[in-house]
S.K.: 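Before anything else, here's the structure in question.
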There are 2 protein chains.
Amino acid sequence: MTHDPRTEPNAVSLADTAGTAPDMSWFAWGDPAEAKELEPGLRDLISQVLRARTEDMPPVAEADVVLPASRLDSGLLKAFTELLGAEHVLVDDAARLIHSGGKSTQDLLARRAGQASPAPDAVLYPADHDEVGRLLELCSAERVAVVPFGGGTSVVGGVSPLDGGFQAVVTLDLRRLNRLVSLDTTSLTAVLGAGVRTPHAEAMLAEHGLTLGHMPQSYEYATIGGYAATRSSGQASAGYGRFEDMVVGLRVATPRGTLDAGGPPASAAGPDLRRLLVGSEGTLGVITEVAVRVRPVPERVVDEAWSFPDYASGVDALRALAQSDTRPTMARLSDETETFVNAAIGGREAVPGCQAVLGFEGTDAEVGARAAVVRKVMEAAGGTALGPDPVAHWRETRFHAPYLRDTLLSAGILAETLETAASWSDLLPLYAAVVGALTGALEDDESGAVVQCHISHTYATGASLYFTVATGAGTDPAARWDRAKRAASDAIVANRGTITHHHAVGTDHRPWMAAELGPLGGEVLRAVKSALDPHGVLNPGKLIPEA
Amino acid sequence: MTHDPRTEPNAVSLADTAGTAPDMSWFAWGDPAEAKELEPGLRDLISQVLRARTEDMPPVAEADVVLPASRLDSGLLKAFTELLGAEHVLVDDAARLIHSGGKSTQDLLARRAGQASPAPDAVLYPADHDEVGRLLELCSAERVAVVPFGGGTSVVGGVSPLDGGFQAVVTLDLRRLNRLVSLDTTSLTAVLGAGVRTPHAEAMLAEHGLTLGHMPQSYEYATIGGYAATRSSGQASAGYGRFEDMVVGLRVATPRGTLDAGGPPASAAGPDLRRLLVGSEGTLGVITEVAVRVRPVPERVVDEAWSFPDYASGVDALRALAQSDTRPTMARLSDETETFVNAAIGGREAVPGCQAVLGFEGTDAEVGARAAVVRKVMEAAGGTALGPDPVAHWRETRFHAPYLRDTLLSAGILAETLETAASWSDLLPLYAAVVGALTGALEDDESGAVVQCHISHTYATGASLYFTVATGAGTDPAARWDRAKRAASDAIVANRGTITHHHAVGTDHRPWMAAELGPLGGEVLRAVKSALDPHGVLNPGKLIPEA
């Protein structure tokens, strides 16, 4: 990625906004004040459906959390302080607790029970690419493990501070890399610091009438660097593409120096190294800047919901759209269970069958024409138009699910998600296998389970499946979910799904990576890691399977 | 890439067609009978424009070509023969001559002058993936260099039989890997053998109403495996995407075993290893099967040509299209010189300014609507519609240019192409720099030069530039072109272009790869190569820069 000095004058920084960006709660998603209490009636209904005796599971007080002592010796503390300044090297319990993991159900269960081990021995806040590079050289030389940290939204253990057997582990919080480094309004590309959160990115781009269009459920806290590191996919991926498709170039700091990849819009100059760094989850280097494609803010949004008699006919309709040249910007399809549950939660009457929501974003000139072409495809596939209201309801509530998970957890109900993707041919058999595996693993004397699913990302050759599971917490909720997750993951691998479509690998999916990559694929990743991180200090225990 | 046994019954092979697929001429592109003689009047005109005394440069007779003796010892010959059968191990001069290089101007000049050194010590024709794998294990153990060979269309030295300092070099001609391995008409994916040529692929897919839609100028001879190995881009890339975008999965044989990559439509399971193998040019392994996205054969094609007062306004128009949600399937724009020359060669009157050709392919239902939206964009950008005829003319003649190059070469005129891509912001400065470099390097006492250019591939963030250069051959045509190519490549690198947009790297672009990748990027590729090809026998001297 080459920096274009001609565009530097456009650089904008809303540092004040970003500097005060709040941390997420140490025991819950986002700001716990956003999580509403569960109405007693609804709680009773859920308990009844799940056949579960649910008991309150409040988190312990922060003061009661057990945190291991920092192992950072005075020499290292001095070296970090000299490099970053004392105010950017934190070893206090509050900072270490917040960075002791991500937001998987296992993370939340541990934290709520007062366990925060492992915790990082220090939290470092580098200012820019060069400081990250010097930190990595230092940590490599001193054999200190390094965990990059963006918004801390990982639900797969991606930011767990594992020390990999080294003397200490530090977390690199990248929030100070929060600038719009440059903007090219002709080529429609922006270089953003890795620590920029989505609302901040959108605010800086909106000043130029531009948008990134990347809106995953985690968007409020998740960062640009995190999106690239984990191959994120936003809710409007049908129109805007996956995050990896938006990445024009990357700047990566490694213990062996800087790696710049990409820049030109296309190339045949050997393998595309961007695609080796995207998805590397901090194991090959720390992404410090990302050049992304941006687009004009859409002039018009058209929404339409559709009903299908069953999941199979809805899947056929979404496939027809994904394989045509005229597509919606956003397309989702819930199965029968999710359609029913969503209506019940929203207090609306459920239309029998499966509901799809479509959204179209673009210019006034073309959105209507596109929606009209799509309408014909949906009608031909047996769909019944439901108008825009169900889509509006989805738009209002679409970022609330992680808060609801916390609410349910406090009420003794486990609600977790997992996801995969497969070809259109494999999709329904995979769906049935995962539903069967989850139900089989969870239906027992302690509780039943409700498994629902939606397709949220469609491609010409296949689609994603996103499962939400609710079950009583039982006597050992961590073991309970672990059992379900293993059963689902085995079913995914056995049915030609990918172990993850957009949650990434981290620690949780790593046991299935050998199957995903094959033995030589794992060797390739280990060879690249050896070249860039010879001592193996970068995010140990994540992503790359052991030999 | 997982093979789906359910789709195997669909497998089709037109082995008879493929088995007799002709080789290209040993001294020219394709079948030299296709190359028409230059009319004396046109030759005089070209000589006049170029201020060059042109003399006939006929090729030597095949019997006069100097071919080094095969160095294959009897032990190796026996081992290859036992593995493949005697009829699939060729050491005769005719087979070795045909495989002694690709089709760059330097290749053609050498061959026409009777030089075919280096030549492969043997040409091997493995039957399938397993035979390729066993060959690679053998060659690695015996330290024999291996050059994979598809259609032999490389114009960058990609199939030159360099021995890398080993005792011998063999060329693997992959033409027997010519099957449609499987077809999934629901997911719209096909698994094709690496040696399948495009017309054969299209014939097999057409039986199912499907097409790949990948039509580069080399399509008649180029193979599926070659497209993947070189990150090829077809003439309708605006609609069908680059070949790498069509690749759903790959099967690759290496000296250390088989590597399968891809399969699901999208994934966040670590870096995308497909993108590491695509573009690897035989240096990391031999691609034996490619799973590609296929599409319904278009129901309708709509063509329209446009005129713009100058290149800059035409570039703005193409940019507007590439950055919108409604795009043509094919979009090209010639600069003023190329617009004039094309008209002159076609015997038509040139419209002043620059000509663009657009094509739309798709269903009856949507092609018209798409073309209408685009028409408004072109008019708003200052374009004048010229109707479909200029596009029809382009379609008729679009695969003739390599034959014209041979015709001109026989008449003492060098005509060669080179290409790059850059962001929209960088495009016109890069264009001017390359034109200047080529003119500066070629304008001398022996001849002038005509440099023309078109954009043939557009992206949201930038576009390709494709230059065609004509100049008198002079007394030392190889040195003459080498000088021009170096000047252009230096100008490309200095102006933020990629060293190649779709011709790939081979030997010719390798000196600029260190600049393209940076030092750590080169180390990454060397690390991957060491893991997969520990003795370095795979296509030595290509692509990967030395440490």
Side-chain angles (χ1 to χ4, degrees), chain A residues 2 184 186-189 230-231 242 248 256-257 259-260 263-273 275-276 279-280 293 323 325-326 362 366 369 373 421-425 457 459-462 496-505 513 516 518 520-521 523-525 527-528 530-531 543, chain B residues 2 184 186-189 230-231 242 248 256-257 259-260 263-273 275-276 279-280 293 323 325-326 362 366 369 373 421-425 457 459-462 496-505 513 516 518 520-521 523-525 527-528 530-531 543:
Chain A
T2 347
D184 179 342
T186 301
S187 309
L188 290 183
T189 55
T230 59
R231 298 177 75 182
R242 291 169 66 81
V248 176
R256 302 220 31 245
L259 190 53
D260 285 310
S267 173
D272 187 349
L273 295 186
R275 301 283 189 153
L276 190 63
S280 60
R293 176 185 177 188
Q323 291 176 344
D325 283 325
T326 307
E366 63 89 31
V373 171
S423 73
W424 291 110
S425 291
H457 304 267
Y459 308 89
T461 64
R496 284 197 290 252
T498 175
I499 194 62
T500 172
H501 168 268
H502 63 270
H503 279 175
V505 179
M513 280 300 282
E516 182 97 18
L520 272 186
E523 282 201 42
V524 166
L525 289 187
V528 175
S530 289
L543 175 61
Chain B
T2 346
D184 179 343
T186 301
S187 309
L188 291 184
T189 56
T230 60
R231 298 178 75 182
R242 292 169 65 81
V248 176
R256 302 221 31 245
L259 190 53
D260 285 311
S267 174
D272 187 350
L273 295 185
R275 302 282 189 153
L276 190 63
S280 60
R293 175 185 177 187
Q323 291 177 343
D325 283 324
T326 307
E366 63 90 30
V373 171
S423 74
W424 291 110
S425 291
H457 303 267
Y459 308 90
T461 63
R496 283 197 289 252
T498 175
I499 193 63
T500 173
H501 168 267
H502 64 270
H503 279 176
V505 179
M513 279 300 281
E516 182 97 18
L520 271 187
E523 284 202 41
V524 166
L525 290 186
V528 175
S530 290
L543 174 62

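Protein chains get the first letters and strands the later ones, always in sequence-line order, with residue 1 at the start of each. Quick note: numbers below take in every heavy atom, side chains included, and nothing from hydrogens, waters or symmetry partners.
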S.K.: What part of B:Leu276 gets within 4.5 angstrom of chain A, counting heavy atoms only: side chain, backbone, both, or neither?
M.R.: both

S.K.: Could you tell me which non-hydrogen atom of B:Val505 sits nearest to which non-hydrogen atom of A:Gly270, and how far apart they are?
M.R.: CG2-N, 3.8 Å

S.K.: With chain B as the partner, which of A:Gly462, A:Gly257, A:Ser530 has the greatest number of non-hydrogen pairs under 4.5 Å?
M.R.: A:Gly462

S.K.: Under the side-chain hydrogen bond (donor to acceptor under 3.5 Å, both in side chains) rule, collect the residues that match up with A:Ser267, sequence neighbours excluded.
M.R.: B:Thr498

S.K.: Taking atom types as modelled, is there a side-chain donor on B:Thr461 or A:Ser187 under 3.5 Å from an acceptor on the other?
M.R.: no

S.K.: Can you confirm whether B:Pro271 sits close enough to A:Leu525 that some side-chain heavy atom of one is under 4.5 Å from a side-chain heavy atom of the other?
M.R.: yes

S.K.: Among A:Ala531, A:Gly497, A:Gly279, who wins on heavy-atom pairs under 4.5 Å with chain B?
M.R.: A:Gly279

S.K.: Nearest 0.5 Å please: distance from the CG atom of B:Leu188 over to the CH2 atom of A:Trp424.
M.R.: 10.5 Å

S.K.: Chain A heavy atoms under 4.5 Å from B:Ala422: which part of the residue, side chain, backbone, both or neither?
M.R.: backbone

S.K.: When only pairs under 4.5 Å are counted, which of B:Ser280, B:Ala269, B:Gly521, B:Gly362 shares the most heavy-atom pairs with chain A?
M.R.: B:Ala269

S.K.: Hey, is the main chain of A:Ala266 close enough, under 3.5 Å, to the side chain of B:Arg242 for a donor-acceptor pair?
M.R.: no

S.K.: Hey, what do you get for CD (A:Glu366) to CG (B:Asp325), rounding to the nearest 0.5 Å?
M.R.: 5.0 Å

S.K.: Which value, rounded to the nearest 0.5 Å, describes the distance between A:Glu516 atom CD and B:Asp260 atom CG?
M.R.: 12.0 Å

S.K.: Would you mind telling me which of A:Val373, A:Val528, A:Val524 has the largest number of heavy-atom pairs within less than 4.5 Å of chain B?
M.R.: A:Val524

S.K.: Give a yes or no on whether the backbone of A:Ala460 and the side-chain of B:Arg293 come within a donor-acceptor separation of less than 3.5 Å.
M.R.: no

S.K.: At a heavy-atom separation under 4.5 Å, does B:Leu273 approach chain A through its side chain, its backbone, both, or neither?
M.R.: side chain

S.K.: Are B:Thr326 and A:Thr326 close enough, and set up right, to give a side-chain contact (heavy atoms from CB on, under 4.5 Å), and what steps lead you there?
M.R.: CA-CA 8 Å; B:Thr326 307; A:Thr326 307; over 6 Å; no

S.K.: Please identify, among B:Leu259, B:Ile499, B:Leu520, the residue contributing the most non-hydrogen atom pairs under 4.5 Å to chain A.
M.R.: B:Leu520

S.K.: Please rank A:His503, A:His457, A:His501, A:His502 by heavy-atom pairs under 4.5 Å with chain B and give me the top one.
M.R.: A:His501

S.K.: Determine the minimum heavy-atom distance between A:Pro265 and B:Ser423, stating which atoms define it.
M.R.: CD-N, 3.8 Å

S.K.: Applying salt bridge (charged side-chain N to carboxylate O under 4.0 Å, His left out), can you list everything that pairs with A:Arg256, at least two apart in sequence or on another chain?
M.R.: B:Glu523

